[in-house]
Amino acid sequence: MGKLLIVGSMAFDAIETPFGKTGKILGGAATFIGLAATQFKLRSAIVSVVGEDFPEAYMDILKDRDIDLSGVEVVKGGKTFFWQGKYHNDLNSRDTLVTELNTLADFNPIVPDGFTDADVVMLGNLHPNIQMSVINQMEERPKLIILDTMNFWMNHTWDELMDVIGKIDVITINDEEARQMTKEYSLVKAAAKIQEMGPKYVVIKKGEHGALLFHENNIFFAPALPLEEVFDPTGAGDTFAGGFAGYLTMAGNISFESMKNAIIHGSNLASFCVERFGTERMVELKKHEVEARLMQFKELTQFNIELT
């Protein structure tokens, strides 16, 4: 059974959308990635840090899904990372109201002994030095290293980001970030430039408009499933990454064809995440729901063409 190592934040989120708002609820990149990855047959572990205020009940949600939490540091007297945001009516844009790094500000990741030989490493959106520290702790190079990042690190830690990007296999970023990173408006040109920086595969997320996968001269596009209701987009990108990484870990195959399937599985799981606030939908998600929606994706994208 494949091993997946997940590195990222476990956090409190407070979210407001046109459909309502929440108090502090379970969030964080590693949480969403981990919950998505549990839909696949694999062994997984999270490396993260929380404060003493992080409820044991939240830990149990992850432990009950057989996620190894021995790499999660609990800082005595510390407070957990907290983010509060308000989404606009289109749900594509938001305002960050509060960001409190708390224990995440001094995070020193320690990879658990049982996962220093992980097959796949999923580096969530963190400081590039933290991501590099994890890579350096691996006994041997994993079959696949996937990295997520954002414009903040491009603006403030460019050199460190370029160092870590040179050591990974797959990068997942959104279209705005891809354009910022390369100064190219065309996503095809942007992906080509990013591949020159090191990653063999580039995944560009376009939110409600799906995701693109680039490898050498090959391009694959997966749509996002049209949904009747979207309550909260928070964590959708991380859920996508968890489905993508989880499928590849289970499959043990990192070919372009396998990655195409991984993109669909990631998109499929992300479509559930947005149906409730925070992690609520992912916590209650059942296998038969996942399989049924996969068939919807198949019907949405499959067609016969006749050339005349």
Side-chain angles (χ1 to χ4, degrees), residues 6-13 15 27-34 36 47-49 81-88 91-102 104-105 107 109 121-135 145-185 187 190-191 193-194 197-199 201-209 211-214 232-245 266 270 273-274:
I6 300 160
V7 186
S9 61
M10 292 168 60
F12 295 130
D13 291 340
I15 302 155
T31 306
F32 284 103
I33 293 168
V47 175
S48 191
V49 62
F81 174 68
F82 172 58
W83 177 83
Q84 182 176 3
K86 180 178 181 179
Y87 286 87
H88 298 172
L91 293 176
N92 286 321
S93 54
R94 69 188 184 191
D95 297 321
T96 293
L97 305 179
V98 179
T99 301
E100 297 175 359
L101 291 177
N102 298 325
L104 197 62
F107 179 33
V121 174
M122 177 68 230
L123 299 170
N125 178 20
L126 291 168
H127 193 294
N129 287 347
I130 293 175
Q131 295 171 325
M132 184 69 85
S133 171
V134 171
I135 292 172
I145 303 175
I146 307 166
L147 177 142
D148 189 23
T149 192
M150 66 181 298
N151 49 13
F152 179 85
W153 307 119
M154 297 176 202
N155 293 333
H156 299 284
T157 61
W158 178 260
D159 290 343
E160 295 92 334
L161 181 59
M162 288 301 103
D163 286 344
V164 74
I165 281 178
K167 293 184 176 295
I168 65 166
D169 303 295
V170 186
I171 186 169
T172 66
I173 52 176
N174 67 33
D175 47 357
E176 176 189 346
E177 292 157 351
R179 289 179 172 123
Q180 177 179 337
M181 182 177 280
T182 61
K183 307 294 190 294
E184 293 282 0
Y185 180 79
L187 294 179
K193 277 196 174 181
I194 294 171
M197 298 173 185
Y201 300 89
V202 177
V203 177
I204 298 180
K205 299 172 288 186
K206 293 171 59 65
E208 64 179 327
H209 303 297
L212 287 156
L213 169 67
F214 297 87
D232 172 23
T234 309
D238 293 315
T239 301
F240 170 89
F244 180 81
C273 178
V274 301

Run the side-chain hydrogen bond (donor to acceptor under 3.5 Å, both in side chains) test against [X] and tell me which residues pass, sequence neighbours left out.
X: E184; value: K193
X: N155; value: Q180
X: D232; value: T234

Margin query: If the condition is side-chain contact (heavy atoms from CB on, under 4.5 Å), which residues does D95 pass it with, not counting sequence neighbours?
Written below: H88, L97
Next item on the list: Just jot down the side-chain contact (heavy atoms from CB on, under 4.5 Å) partners of S133, sequence neighbours excluded, or say none.
Entry: P109, Q137
Notebook entry, point to check: Say you draw a straight line from CD of Q84 to CD1 of I15; how long is it, rounded to the nearest 0.5 Å?
Noted result: 10.0 Å
Next item on the list: Begin from the C-alpha positions of W158 and M181 and carry the test side-chain contact (heavy atoms from CB on, under 4.5 Å) through to its verdict.
Entry: CA-CA 9 Å; W158 178 260; M181 182 177 280; 4.0 Å; yes
What pair of heavy atoms forms the shortest contact from [X] to [Y], and how long is it?
X: R179; Y: L187; result: NH2-CG, 3.8 Å
X: G8; Y: L126; result: CA-CD1, 3.6 Å
X: V274; Y: A236; result: CG1-CB, 3.7 Å
X: L91; Y: P233; result: O-CG, 3.4 Å
X: S9; Y: L104; result: CB-CD2, 4.2 Å
X: E100; Y: F81; result: O-CD1, 3.2 Å

With a 4.5 Å cut-off on side-chain heavy atoms, are [Y] and [X] touching?
X: N129; Y: T157; value: no
X: F240; Y: V203; value: yes
X: P199; Y: I194; value: yes

Check: With sequence neighbours left out, what residues match E160 under salt bridge (charged side-chain N to carboxylate O under 4.0 Å, His left out)?
Finding: none
Next item on the list: List the steps and the verdict of side-chain contact (heavy atoms from CB on, under 4.5 Å) for I6 and F32.
Entry: CA-CA 10 Å; I6 300 160; F32 284 103; over 6 Å; no
Check: Does the side-chain contact (heavy atoms from CB on, under 4.5 Å) test come out yes or no for N125 and F152, once each step is laid out?
Finding: CA-CA 10 Å; N125 178 20; F152 179 85; over 6 Å; no
Tell me every residue that passes ring-ring contact (aromatic ring centres under 6.0 Å, His included) with [X], counting only those two or more places apart in sequence or in another chain.
X: Y201; answer: H215
X: F12; answer: F54
X: W83; answer: none

Notebook entry, point to check: Hey, does the side chain of T96 reach the backbone of G85 with a donor-acceptor pair shorter than 3.5 angstrom?
Noted result: no
Check: Within the distance-only criterion (no hydrogens, no angle test), does the side chain of S48 pair as donor or acceptor with the backbone N or O of M10 below 3.5 angstrom?
Finding: yes
Next item on the list: Before giving the answer on side-chain contact (heavy atoms from CB on, under 4.5 Å), spell out for L123 and I135 the whole-Å C-alpha distance, their side-chain angles and the decisive distance to 0.1 Å.
Entry: CA-CA 9 Å; L123 299 170; I135 292 172; 3.9 Å; yes
Using atom types as modelled, flag every donor-acceptor pair under 3.5 Å from a side chain in residues 161-174 to any protein atom, sequence neighbours excluded.
| unit_1 | atom_1 | unit_2 | atom_2 | d |
| --- | --- | --- | --- | --- |
| D169 | OD1 | R141 | NH2 | 3.3 |
| D169 | OD1 | K200 | NZ | 2.9 |
| D169 | OD2 | R141 | NH1 | 3.0 |
| D169 | OD2 | R141 | NH2 | 3.3 |
| D169 | OD2 | I145 | N | 2.8 |
| T172 | OG1 | D148 | OD1 | 3.3 |
| N174 | OD1 | E176 | N | 3.1 |
| N174 | OD1 | E177 | N | 2.7 |
| N174 | ND2 | E177 | OE2 | 3.4 |

